[in-house]
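To start, the structure under review is shown below, and the notes come after it.
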Amino acid sequence: MIAPVIPRLNRNLLSMRFFRLAALASLVSLPLSLEAQEVSEPPSVILSGVPFQVTVLGGTGGASPYEIRTATGRILALGAVDAHGSATAIGLEITSRDELPLEIVIGDTTHEVDATLTPPWFSLLPPILAIVLALIFREVITALFAGVWLGALAVAGFNPVEGTWRLIDQFVVPGLANTDDGHTQVVVFTLLLGAMVGIIARNGGTMGIVKAVTPFAHNARRGKLATAFAGLGIFFDDYANTLIVGNTMRPITDRLKISREKLAYLVDSTAAPVAALVPISTWVGYEISLIADGLRIAAEQNPAGAEALLAQSPFSIFIQTIPFLFYPLLAIVFVLLTSAMNRDFGPMAAAERRAAREGHLYRPGATLAADTSSHLMEAKEGVRQVWWNAGIPVATVILVVVVGLYTSGSAGTAPGASLMDIFGAADPFATLLWGSLAGCLVAMLLSLLDLPPVLQKTLTIQECIDAALAGMKSMMIALIILALAWSLGAVTEEIGTAQYLSQLLSDRVALQLIPVIVFVTSAAMAFATGTSWGTMAIMLPLVIPLTVALGGAATYPGGEQVGILLGATASVLAGAIFGDHCSPISDTTILSSTASACDHMDHVRTQLPYALLVAGVGMVLGNIGTAYGLPAWLALGGGAVVLFLVLRFRGEAVSP
């Protein structure tokens, strides 16, 4: 999940077409130091005809005029920057290679900034190449490598040798070392949780949980329901949800002959949807901050309606959007329906038939995202298999993360703040690290202590270390995929993929179609870039002002068309989650495959028809239906009925 900085948009942008607005949201910024008289971080790729921006930073020499012009002499921008201030030239466009390099003149000094000029459609090729290769060959590592290399090729000016070097030094290594977006923390969290899983598997705790749960979840239907409710119960963070539920429930679903693909689907389709819906989670504070940005920009662009737009809190707007979050809500409904009815269709039905009738939990020849085949991942011979050897460490992870979210959030909020505000201000990545480390240490302690009759020493210190290392090793394939997926995300950001996708959304459409168009655009952006948070960061501050501009006072809070505004706002989040679910380069999709020890592309392939069905129902009855007057509750109820009927007449019972 990537969270780029949201830029402030000027009022005069309102008159531009929406795709121009979107293209300016987070494009190239060129900081210039007047002291050093150098250009730092110049743009490496410029899309022909797509606007970009240049930021000139002030130095200590007083106010200075600046001029930005092309190599052909065409002036792109004129202005002045004060000492220690900054000036931003926006809406710059280049359409011909002859116009490069750019000449940026500050006083008597001229800086040349060269870049690769590509047609806009090229920005789509790296993610498309990765996704197509992954779907065709069912092998994601090579596919991701090819996508990153193609993007790095453009960054390197289409020099294949230099592009190969840029792949590793500009994208892979910085992606793994990125602490601002939590990449490094997720790697360490995954390794520590893998270590905990290795220890509790070796000390008999995993099999102890299986034995304890078997009397309650004694068939496939109950096992699926137990997994679904576990996913709904861990609502405070999607990463924690995915890894805890998948690793905890996998031994149980394996014994019940539930396919790994089905487990990955249950894990993936409850993680982000529930975290995005519940007000006490690491998602909601981020969403509310983006809604606040959108309302502020809309108020600046509509002074007559500023008071009405800012009258309600962003949290209130978020609460009102919940009934319009059709994809996340219906995705959860469909998880419960498939589990309770024990019916499936398409590739998922084939996977469930294979597991139930042939005993193959995953496809023969599959490359599992987590390797659990080591003998060190099995219970040590002769140990007592008791549930608390696993239950206590897992509970420790959950408790430490929840308490950590509260304490870190409390430090950043005023006394008496609500739980929602506290969780929104928390540091989720630090708390995930605390929780995984605590769980690992507690698992080791339970294995070493000898306090009959409750605790029995099951492992030596060396055996604990060996089991922990085996657990970490089981996560390596997933970490390689994550590193390449993050690198591809950085590549798409560098070459402007999201900005070009935003161009596909035009403001020359009926107001009632805005929610469904926003949903499709957000889904495409999340699918191509693999990030739902980055999609929200680009889209929300743009969609709210656009909807207000098109609908006028009727779309203000309390207006007769406010449902359009709520629907469009909700469609950004819903579309981002949908695209994230479908994308093989999404981090949460990769972690779902990892926690379930499932072949990653098998997970994507089996989940895709379910996600498309839910999205289709949500768009027709939800986005379009409510925009033309259908009550949200009726759209949700009708959607649930349609999903039930599809399962009843299209699905088949594939497991006993």
Is there a donor-acceptor contact under 3.5 Å from the side chain of Thr338 to the main chain of Arg343?
no
Got more than 12 heavy atoms from elsewhere within 6.0 Å of NZ, Lys473?
no
Do Phe578 and Phe527 make the cut of ring centroids closer than 6.0 angstrom?
no
List the steps, then state whether side-chain hydrogen bond (donor to acceptor under 3.5 Å, both in side chains) holds for Asp580 with Ser586.
CA-CA 6 Å; Asp580 204 57; Ser586 159; 2.7 Å; yes
Against Asn342, only a single residue in Glu352, Lys224, Arg222 fulfils side-chain hydrogen bond (donor to acceptor under 3.5 Å, both in side chains); can you say which?
Lys224
Non-hydrogen side-chain atoms of Leu488 and Val148 separated by less than 4.5 Å
yes
Short side-chain to backbone donor-acceptor contact, Gln607 and His581, under 3.5 Å:
yes
Report, one line per pair, each donor and acceptor closer than 3.5 Å where one atom sits in a side chain of residues 475-484; sequence neighbours left out.
none

Strictly distance-based, threshold 3.5 Å: is any side-chain N or O of Arg260 a donor or acceptor partner for the main-chain N or O of Tyr362?
no
Donor-acceptor check, side chain of Ser436 to backbone of Leu433, threshold 3.5 angstrom: yes or no?
yes
So, does Tyr327 use its side chain to make a donor-acceptor pair with the main chain of Met619 at under 3.5 Å?
no
May I ask you to decide if Ser593's main-chain N or O and Ser596's side chain share a donor-acceptor pair within less than 3.5 Å?
no
Are the side chain of Thr253 and the backbone of Ile258 linked by a donor-acceptor contact shorter than 3.5 Å?
no
Check the orientation of Trp486 and His183. Use parallel for under 30°, tilted for 30 to 60°, and perpendicular for over 60°.
parallel
State whether the side chain of Thr270 and the backbone N or O of Val267 hold a donor-acceptor pair below 3.5 Å, judged by distance alone.
yes
